[in-house]
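Structure first, commentary second.
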Protein chains: 2
Amino acid sequence: MRDIVRIGRVHLATDGAAALSLRAVARDLGVVSSAVYRYVASRDELLTLLVVDGYDELGDAVDAAVERVDRDSHAERMRAIGRAVRAWALAEPATYALLFGSPVPGYEAPAEQTTGPGTRVVGRLVEVWEDAWVAGAGSLPDAPVAPRRLARDLARIRKQMGITAPDALVARGMLAWAALFGCVSFEVFGQYGASTFTDPKDIFELHLDALVEAVGLG
Amino acid sequence: MRDIVRIGRVHLATDGAAALSLRAVARDLGVVSSAVYRYVASRDELLTLLVVDGYDELGDAVDAAVERVDRDSHAERMRAIGRAVRAWALAEPATYALLFGSPVPGYEAPAEQTTGPGTRVVGRLVEVWEDAWVAGAGSLPDAPVAPRRLARDLARIRKQMGITAPDALVARGMLAWAALFGCVSFEVFGQYGASTFTDPKDIFELHLDALVEAVGLG
DNA sequence: CGAAATGCAAGAGCACTGCTCTCTTTCGGC
DNA sequence: GCCGAAAGAGAGCAGTGCTCTTGCATTTCG
């Protein structure tokens, strides 16, 4: 069982998500294909196991990185999260693609199992921003955001996550969140072009600075 | 031949990229599978045709949108590009996923055919920023960017694309580019969560404003 | 201690996939 | 009318996900 996930991860890293074959996993396990169906209901369920596994690993990496930084250094904590996401994504591109790339066709990750681990990263980000806000370290206006229905949506989000930070910070946070994964995806998926940068980390650090500034932690 | 691409697009939209089957396309075409191989060398080549097709369609959509806006309204031109990308992505999620999502396993888009159409969107963005810069409409410092090797990379990019705008604008432009696709991907791939926003366009417009501001066109 | 019940893996089989090969039909130019 | 090129048909190979039945252990119960 544990072995199935382990070998599945190897295949995922080697051949990618859509090429994940239960038969091949069974072969590597030295067992016939029907035998693994005793432990895993379907290929999709194996995919779900790998999704959860990936979210957990990313979450652990982010947790470890953020805890190494002083709790009062809000900007640096945010940078640590960004760097951890990027480093993990570059180390595990196939798993990253499974989590944040195009959905695998015909496969829908069951929400009850994946939303928990899936929100760990954004949860950490929100934690940092909220900390900065209550410490008075932010520099964003606390005026409510423009369209009223959007303000209502943001109010609901604030309530759900227990945030006291104002609309502008929540909205900017979502942008920074999406932008962070946009940058990482561009780099992992090679959208920038092959040899554009001598060291891609340079431009990432610059972007990270801009995102820190965008949420008022400059 | 044209029919193959046409039906391929239908299947792409219906079942997704990895489920694209040459046999199914042949069936819909009322022809046996081997007959399709007279026109398309492999499944990967069909995928490449669809990639080029998708880039072209997105490029056309962006071109049409940006040309409807006055050439001097730089911020509004940038917004038009962003809106066009989002609208097209939501209308053609499968093709969008093929272009900007996880790479299809075992398939590498041949650069010589795809880089041309693939750079149309970013080319338009660069055009807008460069226009704004030469018109003196930007509000970004023109100090060179921090690490020297990054400055060299950016200088090479400027030369390649014929840009006169300073490092800071080029770097911020790349961030805005990645952030734009990050936002769109989050929305198309459902990373935000299912029913977070009453109208997702609200938050997108807000993010668009922030990106316009980030490149100094606020 | 022997028998029954249970757990687990094997193997065959179905329908599908990409792709290659050979055979046959069809159609246009001379 | 004929001949060659073009294009579809069909069989076949190796792979896939998944189901079902069979057989072999081990464990539990009478």
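Predicted model only: the values in this text are computed from it and were never measured. Any value given below was found using the heavy atoms of this structure, including those in side chains, with hydrogens, waters and symmetry copies removed.
A:Glu130 contributes a side-chain N or O that, together with a main-chain N or O of A:Thr164, makes up a donor-acceptor pair within less than 3.5 Å. Side-chain N or O atoms of B:Arg172 include one that pairs as donor or acceptor with a backbone N or O of B:Ala214 at under 3.5 Å. The backbone N or O of A:Phe197 lies less than 3.5 Å from no partner atom in the side chain of B:Asp153, so there is not a single donor-acceptor pair. In this structure, B:Glu205 contributes its side chain and B:Arg83 its backbone to no donor-acceptor pair below 3.5 Å.
Between A:Phe189 and A:Tyr96, the ring planes lie tilted relative to each other; the angle falls in the 30° to 60° range. Using bins of under 30°, 30° to 60° and over 60° for the plane-to-plane angle, the ring pair B:Phe186/A:Phe181 lands in the tilted bin.
In this structure, B:Arg124 pairs ionically with B:Glu67, as a charged nitrogen and a carboxylate oxygen lie closer than 4.0 Å.
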Identify each atom pair where a protein N or O and an N or O of nucleotides 6-9 of chain C are less than 3.5 Å apart, giving names and distance.
from	atom 1	to	atom 2	distance (Å)
C:dA9	OP1	A:Tyr39	OH	3.3
C:dA9	OP2	A:Tyr39	OH	3.1
C:dA9	N7	A:Arg38	NE	3.1
C:dA9	N7	A:Arg38	NH2	3.0
C:dA9	N6	A:Arg38	NH2	2.9

Could you list the protein-to-nucleotides 13-16 of chain D atom pairs, N/O on both sides, closer than 3.5 Å?
from	atom 1	to	atom 2	distance (Å)
D:dT16	OP1	A:Ser21	OG	3.3
D:dT16	OP1	A:Arg27	NH2	3.1
D:dT16	OP2	A:Arg27	NH1	3.3

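Atom CG in A:Leu46 sits about 14 Å away from atom C1' in D:dC18, given to the nearest Å. One interatomic measurement links the two molecules: OH of A:Tyr37 to C1' of D:dC20, which rounds to 13 Å at whole-angstrom precision. Atom CG of B:Asp3 is separated from atom P of D:dA7 by 14 Å (rounded to the nearest Å). Summarising the geometry, the separation between CG on B:Asp28 and C1' on C:dC16 is reported as 15 Å, rounded to the nearest angstrom. If you take CG of B:Asp44 and C1' of C:dT17, they are 14 Å apart, rounded to a whole angstrom.
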Show which side-chain atoms of residues 18-40 of chain B pair as donor or acceptor with protein atoms under 3.5 Å away, not counting sequence neighbours.
from	atom 1	to	atom 2	distance (Å)
B:Ser21	OG	B:Arg23	N	3.2
B:Ser21	OG	B:Ala24	N	2.9
B:Asp28	OD2	B:His11	NE2	2.9

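B:Ser33 comes within 4.0 angstrom of a base, heavy atoms only.
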